[in-house]
4 protein chains.
Amino acid sequence: MTEEYAASKPIYIQIADRIIREIVRRELNLGEKLPSVREMAIQSGVNPNTIQRTYSELERKGIVETRRGQGTFVTEDEEVLIVLNERMQQEVVGQFVRNMKELGLSKTQMIESLRNYRESQDGEE
Amino acid sequence: MTEEYAASKPIYIQIADRIIREIVRRELNLGEKLPSVREMAIQSGVNPNTIQRTYSELERKGIVETRRGQGTFVTEDEEVLIVLNERMQQEVVGQFVRNMKELGLSKTQMIESLRNYRESQDGEE
Amino acid sequence: MTEEYAASKPIYIQIADRIIREIVRRELNLGEKLPSVREMAIQSGVNPNTIQRTYSELERKGIVETRRGQGTFVTEDEEVLIVLNERMQQEVVGQFVRNMKELGLSKTQMIESLRNYRESQDGEE
Amino acid sequence: MTEEYAASKPIYIQIADRIIREIVRRELNLGEKLPSVREMAIQSGVNPNTIQRTYSELERKGIVETRRGQGTFVTEDEEVLIVLNERMQQEVVGQFVRNMKELGLSKTQMIESLRNYRESQDGEE
DNA sequence: GTGGTCTAGACCACA
DNA sequence: GTGGTCTAGACCACC
């Protein structure tokens, strides 16, 4: 009854992360307009307030700019993107190292394992 | 139409994964007895039914054996362990490669990035 | 009907500013517990959500720390206070200079005017 | 019991203050005619009644004179201007001193702080 | 109790 | 139309 296994991030963060990923992957271009708060709320099936929070969060991080009465736009500052990319790399690599360590592998073994990896098996089970 | 963002894995799977990790890391030895369903339920703070499902899942994968009236034991089949380890490695590496590709990195860059990685907290294991 | 003269800051910012002032003036001590969200909401006559926002804002600025289940506390980091004080001084001086310039005074005249000032007249009209 | 945080000055006072500032800075000369109530209302985007109150307020203070059928004029009494300027200076300095005291500064420190102040945007006037 | 998140619905300012 | 703020009321996780 104590819960400890749900632990899913807040929705407004999940959506923010999704948008960040889309920007990093260039599915959203620099300067591009995001859907309005209300529209995105409908698309995402959440309350407009939740999206509002998402956009605020993104603005706080300098990833988007909002122009009153006009909308919310991906920043045009290329530098932000670069930093974002680096930070996400750090995160992915960190997660990887932690996971592999848990399996008892050394750094050298990780690199070896990575080198040998041939994408092929995509089936989960 | 509302729910869509909770989506964290089922608890019984999360617990199964935790046990698997403990086996792979030799914190649980081959042939060792697992806590009883009731005891594990208390330890984990979940309903016994949930643990029952966890154990069934592990048995289905050949990772544990249930002996009526005695309890649940980690398999003694060394081979299972090896396969398990490999499969988990594949999974971790696969996830890593997918993530890094999403960030636009080539295989060579991934290895480089991994090589350069210095974790913040170095003294873990 | 276009409004341009209201321009009062959002309530949640006004309350945050008030708290900051109290901290700077040492009416609130470092490490001291703030009223709970609900209590402060009642005291201030606003919705708890508004206070929640206030506290979030203060935390974002590193001025308070929140401990889940315990409450919200003024940071114990003395450094934050010093920076805060400096920033507010800058603001006050800046406002003063702007106002005096508007009255057509030079920097030298401002200093002279300040030097000659004897507190006495407090009546507004 | 709810309202308490809007509290920005009445519009008619805001406009009066603006006009006073323009007079003090000689952007409006002694004896000069002010725009008609209707015209000023349009310029300012407010209701003519509001401007009417503004002009009344200014007249009450002896700053403007209304001549039936001709319009509203800045007073020609130089003395008024001087007094006005002094009073506004007193007010600005008083406010400044109060603010700085609240931050724990002595008179000497205030002067020092003012002397050291370098505005960001220097080229204003 | 505490803070954190979310919904539903409203009003405002800006363009 | 846009984003920004606010209320009312709810549920959650943590202590």
Side-chain angles (χ1 to χ4, degrees), chain A residues 1-17 19 32-60 63-74, chain B residues 1-8 11 45-46, chain C residues 1-17 19 32-60 63-74, chain D residues 1-8 11 45-46:
Chain A
M1 200 152 285
T2 358
E3 308 297 332
E4 169 139 21
Y5 290 98
S8 72
K9 285 190 202 169
I11 295 175
Y12 79 96
I13 296 282
Q14 290 182 45
I15 297 177
D17 285 346
I19 293 172
E32 189 170 338
K33 184 179 179 302
L34 292 177
S36 79
V37 168
R38 288 159 180 84
E39 193 182 328
M40 179 67 105
I42 294 169
Q43 281 180 26
S44 303
V46 302
N47 188 283
N49 276 327
T50 304
I51 300 298
Q52 181 64 260
R53 246 181 133 171
T54 296
Y55 283 5
S56 298
E57 183 69 12
L58 290 173
E59 179 159 41
R60 200 179 59 74
I63 295 167
V64 306
E65 291 167 17
T66 77
R67 302 181 204 137
R68 292 269 289 231
Q70 297 192 55
T72 303
F73 300 80
V74 178
Chain B
M1 197 154 284
T2 336
E3 316 293 318
E4 172 146 18
Y5 284 100
S8 68
I11 294 175
V46 301
Chain C
M1 200 151 283
T2 357
E3 309 297 332
E4 170 140 21
Y5 289 97
S8 73
K9 286 190 200 169
I11 296 175
Y12 80 96
I13 296 283
Q14 291 183 45
I15 297 177
D17 285 347
I19 293 172
E32 190 171 337
K33 183 178 179 305
L34 293 177
S36 79
V37 168
R38 288 159 179 84
E39 192 183 329
M40 179 67 105
I42 294 169
Q43 280 180 26
S44 304
V46 301
N47 188 282
N49 276 327
T50 303
I51 300 298
Q52 181 64 261
R53 247 180 133 172
T54 296
Y55 283 6
S56 298
E57 184 68 12
L58 290 173
E59 179 159 41
R60 200 179 60 73
I63 295 168
V64 306
E65 291 167 16
T66 77
R67 302 180 204 137
R68 293 269 288 231
Q70 298 192 54
T72 304
F73 300 80
V74 178
Chain D
M1 195 152 286
T2 335
E3 315 292 315
E4 172 145 18
Y5 285 100
S8 68
I11 293 175
V46 302

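These numbers come from the heavy atoms of this one structure, side chains and all, not from hydrogens, waters or symmetry mates. By convention in this document, chain letters (A, B, ...) are assigned in the order of the sequence lines, proteins followed by strands, and residues within each chain are numbered from 1.
Distance from the side chain of Tyr55(A) is smallest to dG3(F) among dG3(F), dT5(E), dT2(E). Among the nucleotides dA8(F), dG3(E), dC6(F), the one closest to the side chain of Asn47(C) is dA8(F). The Gln52(C) side chain lies nearest to dT5(E) when the options are dG3(F), dC6(F), dT5(E).
Regarding Leu58(A), its CG atom lies at a distance of 16 Å from the C1' atom of dG4(F), rounded to whole Å.
Where DNA chain E pairs in unbroken runs of 3 or more (Watson-Crick or G-U, both distances under 3.5 Å), the stems are E:1-14 with F:1-14.
For the side chain to side chain contact (heavy atoms under 4.5 Å, CB included) test, residues two or more places apart in sequence or in another chain that qualify with Arg60(A) are Glu57(A), Arg60(C).
Between Glu65(A) atom CD and Lys33(A) atom NZ the span is 14.0 Å, to the nearest 0.5 Å.
Among all heavy-atom pairs drawn from Ala41(A) and Asn47(A), the shortest one is CB-C, 4.0 Å. The heavy-atom pair separating Val37(A) from Pro48(A) by the smallest distance is CG1-O, 3.4 Å.
OP1 or OP2 of dC6(F) has not a single side-chain nitrogen or oxygen of Thr50(C) nearer than 4.0 Å. For Tyr12(C), a side-chain nitrogen or oxygen approaches OP1 or OP2 of dT5(F) to under 4.0 Å.
Put simply, the side chain of Thr54(A) gets close to the backbone of Tyr12(A): a donor and an acceptor are under 3.5 Å apart. Of the possible polar contacts, none joining the Glu32(C) side chain to the Val74(C) backbone as a donor-acceptor pair under 3.5 Å is found.
With hydrogens and angles ignored, no donor-acceptor pair under 3.5 angstrom links the side chain of Asn49(A) to the base of dG4(F). For a distance-only test at 3.5 Å, the side chain of Arg38(A) qualifies as a donor-acceptor partner of the base of dG3(F).
Taking a 4.0 Å limit (strictly below) on heavy-atom distances, residues 63-73 of chain A reaches DNA chain F at Thr66(A), Arg68(A), Gly69(A), Gln70(A), Gly71(A), Thr72(A).
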